[in-house]
Number of protein chains: 2
Amino acid sequence: MNSRRASPPAAGKQPVPVASPWRASRERLRERAVKREAVIRAAAREFNRKGYHNTSLDDIAARLEVTKPTVYYYVTSKEQLLFQCFVAGVEQIRAAFRDVRHLEAPARERLNAVLRHYGQAVASEFGWCMVRAEDQDLSPAMSRHIKALKSEIDHGIRRLIREGVQDGSIQPCDPKMTAFALAGALNWIAHWYREDQSLTGAQIAEAFVAVFEGGLRPRAGAAPLPARRGPRRRARRVAEAVAR
Amino acid sequence: MNSRRASPPAAGKQPVPVASPWRASRERLRERAVKREAVIRAAAREFNRKGYHNTSLDDIAARLEVTKPTVYYYVTSKEQLLFQCFVAGVEQIRAAFRDVRHLEAPARERLNAVLRHYGQAVASEFGWCMVRAEDQDLSPAMSRHIKALKSEIDHGIRRLIREGVQDGSIQPCDPKMTAFALAGALNWIAHWYREDQSLTGAQIAEAFVAVFEGGLRPRAGAAPLPARRGPRRRARRVAEAVAR
DNA sequence: TAGGATAGCTACCCATGAGTATCATCGAGG
DNA sequence: CCTCGATGATACTCATGGGTAGCTATCCTA
């Protein structure tokens with residue numbers, strides 16, 4: 001979870017039986033970090049449920065069974081809370097790019113790997129915040145920051161697409177529009193996943209990647225198009241399904 | 001100043017020289033409808049620019065060069081304003097479905113036609129409202145209403161996909177996930193189109209349809225995949241961007 | 001030309017919610 | 001024991017903004 005947060009050599013089970021005068025304060029620091037993280041998580045969950053503007057800091061505090069000033073003890077403003085949630089979400093995606101960078105595979109496969117991570121991140125608890133953090137809700141400074149991060153990801157996708165076209169693993173296409181289409185489809189998960197959790201994030205990502213890869217038009221080998229559902233082959237099934 | 005004040009021989013040049021006692025009142029009624037529409041349009045534009053919660057009714061009124069109570073003379077609440085914008089947007093898409101219903105073409109082509117309209121609607125001035133009208137921002141009643149309309153569209157797309165799979169014009173796939181992917185990509189246009197209007201809505205829709213149709217994987221006839229972009233072309237750029 | 005509907009404005013109300021000043025508690029160190 | 005720093009709660013301030021009351025002007029109909 002808060003891996004990069006622990007500043008002491010926290011990673012392992014430090015035995016440290018020594019009664020260092022700093023131990024207590026370090027302990028407190030760690031505890032504080034944990035609490036801060038809890039505040040951000042709680043905020044993410046509430047934003048996710050009710051949206052940024054419909055969530056008051058009192059709500060978040062109540063969810064943690066503390067009061068508003070306590071929340072302010074860990075963050076400086078509501079805006080910062082949103083920003084932190086955003087960063088937490090976006091960091092997962094940046095990690096995906098890093099993971100993939102040194103892979104020895106055609107660009108399309110690397111892109112797919114990124115998209116799978118991307119989809120899972122959007123379906124995660126920070127997904128909503130990442131996707132929906134609106135520049136309009138934030139100060140100019142933070143807005144710029146968020147835009148930069150979003151742009152970085154966008155350009156990362158575009159680059160993979162360009163490389164794929166280059167190495168022949170991706171159908172020639174407009175990288176910008178294609179990147180928008182892919183990212184948009186994935187981003188949108190955040191809108192409906194809350195209500196419909198019948199699949200895991202990974203499953204959704206997988207299904208989306210399959211759609212992106214293959215496209216709608218049947219691949220070679222499929223039956224040629226009849227004029228219209230003319231012979232109405234097994235339209236039965238459809239009719240039933242539609243009636244549902 | 002208030003130019004829209006003079007509207008007697010308004011849009012439609014109706015000859016009607018007869019001095020019907022009802023003419024005037026009908027005229028007023030029409031005028032009222034026009035003004036109401038202007039209010040809704042103005043609201044859509046402001047919501048589009050600044051988001052629902054960051055737009056006050058004073059803003060909308062100011063944009064129309066009237067005052068808040070005047071706005072309330074035409075709508076009953078801010079919520080209703082959002083709802084009307086939503087309906088205006090969604091109606092374009094419903095129209096697309098109607099247009100396509102009696103077309104004698106494979107389902108994939110009918111789907112594409114709908115998606116093209118869809119994309120244009122999202123890029124229109126009501127696009128943002130349609131896409132972003134959140135149930136959390138609305139009363140339960142309106143929320144239900146909006147959900148029903150959204151669901152209608154979703155199921156319309158799913159049905160076209162199912163028909164396409166049936167008639168062989170669409171690659172076999174999961175209709176639900178595919179519909180989510182397509183609609184998501186198109187919906188997301190509303191997020192970035194505001195900032196980047198380098199293309200028209202129609203052009204974007206066209207580009208997206210091309211991506212959906214063909215998919216990323218090269219079609220038969222394309223060059224086979226080389227191992228990887230050998231010389232690690234410009235990985236430089238990324239490293240910089242990330243470091244930023 | 002009076003009476004009434006229409007349309008708009010000024011001036012207000014008031015709930016919400018972000019953010020803060022101030023006090024209370026508690027554990028640790030001197 | 002007493003202080004100090006960390007943590008939390010109580011109880012505010014105050015700006016914003018949705019919504020309304022009620023006056024005014026205009027124009028239509030009688």
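In this text the structure is predicted, and so the values were computed from the model without any measurement. Worth knowing before you read on, the calculation uses all heavy atoms, side chains too, and leaves out hydrogens, waters and symmetry mates.
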Trainee: Atom CD of B:Glu31 and atom P of D:dT26: how far apart are they, to the nearest Å?
Mentor: 15 Å

Trainee: Does the side chain of A:Thr70 get closer than 4.0 angstrom to OP1 or OP2 of D:dT7 through an N or O atom?
Mentor: no

Trainee: Any base atoms under 4.0 Å from A:Thr76, or only sugar-phosphate, or nothing? Heavy atoms, all strands.
Mentor: nothing

Trainee: Atom CG of A:Leu82 and atom P of C:dA18: how far apart are they, to the nearest Å?
Mentor: 12 Å

Trainee: Atom CG of A:Leu81 to atom C1' of C:dA18: distance rounded to whole Å?
Mentor: 12 Å

Trainee: Any idea which of D:dG19, D:dA9, C:dG8 is nearest the B:Tyr74 side chain?
Mentor: C:dG8

Trainee: What's the CG-C1' distance between A:Asp58 and D:dA11, to the nearest Å?
Mentor: 12 Å

Trainee: For the side chain of A:Lys68 and the base of C:dG19, is some donor closer than 3.5 Å to an acceptor across the two?
Mentor: yes

Trainee: I want to check one thing: is the phosphate of D:dG8, taken as OP1 and OP2, less than 4.0 Å away from some side-chain N or O of A:Tyr73?
Mentor: no

Trainee: Ring centres of A:Trp192 and B:Phe180 under 6.0 Å apart?
Mentor: yes

Trainee: Do the ring planes of A:Phe208 and A:Phe212 sit parallel (below 30°), tilted (30 to 60°) or perpendicular (above 60°)?
Mentor: perpendicular

Trainee: Round to the nearest Å and state the distance from A:Asn54 atom CG to C:dA18 atom P.
Mentor: 11 Å

Trainee: For the pair made of CD in B:Glu79 and C1' in D:dG17, what is the distance, rounded to whole Å?
Mentor: 16 Å

Trainee: A cation-pi test, strictly: NZ or CZ of B:Arg45 under 6.0 Å from the centre of the six-membered ring of B:Phe126 and no more than 45 degrees from its axis. Yes or no?
Mentor: no

Trainee: Quick one: which of C:dA7, D:dG8, C:dT20 gets closest to the side chain of A:Lys35?
Mentor: D:dG8

Trainee: Consider the side chain of A:Pro69, meaning its heavy atoms from C-beta on, and name the nucleotide among C:dG8, D:dA9, C:dA18 that approaches it most closely.
Mentor: D:dA9

Trainee: In whole angstroms, how far is the C1' atom of D:dC28 from the CG atom of B:Leu29?
Mentor: 14 Å

Trainee: Considering every strand and a 4.0 Å limit on heavy-atom distances, what is the contact class for B:Thr67: base, sugar-phosphate, or nothing?
Mentor: base

Trainee: On the side chain of B:Lys78, is there an atom forming a donor-acceptor pair with the base of D:dG17 - under 3.5 Å, no angle test?
Mentor: no

Trainee: A cation-pi test, strictly: NZ or CZ of B:Lys78 under 6.0 Å from the centre of the six-membered ring of B:Tyr52 and no more than 45 degrees from its axis. Yes or no?
Mentor: yes

Trainee: With a 4.0 Å cutoff (strictly under), does any side-chain N or O of A:Arg32 reach OP1 or OP2 of D:dT7?
Mentor: yes

Trainee: Parallel, tilted or perpendicular: which fits the ring planes of B:Phe47 and B:Trp128, with parallel below 30° and perpendicular above 60°?
Mentor: tilted

Trainee: Looking only at side-chain atoms of B:Tyr72, point me to the closest of D:dG19, C:dG19, D:dA6.
Mentor: D:dG19

Trainee: Starting from C1' on C:dG19, measure out to CD on A:Gln80 and report it in whole angstrom.
Mentor: 14 Å

Trainee: The side chain of A:Leu57 lies closest to which of these nucleotides: C:dA18, D:dG19, D:dG8?
Mentor: C:dA18

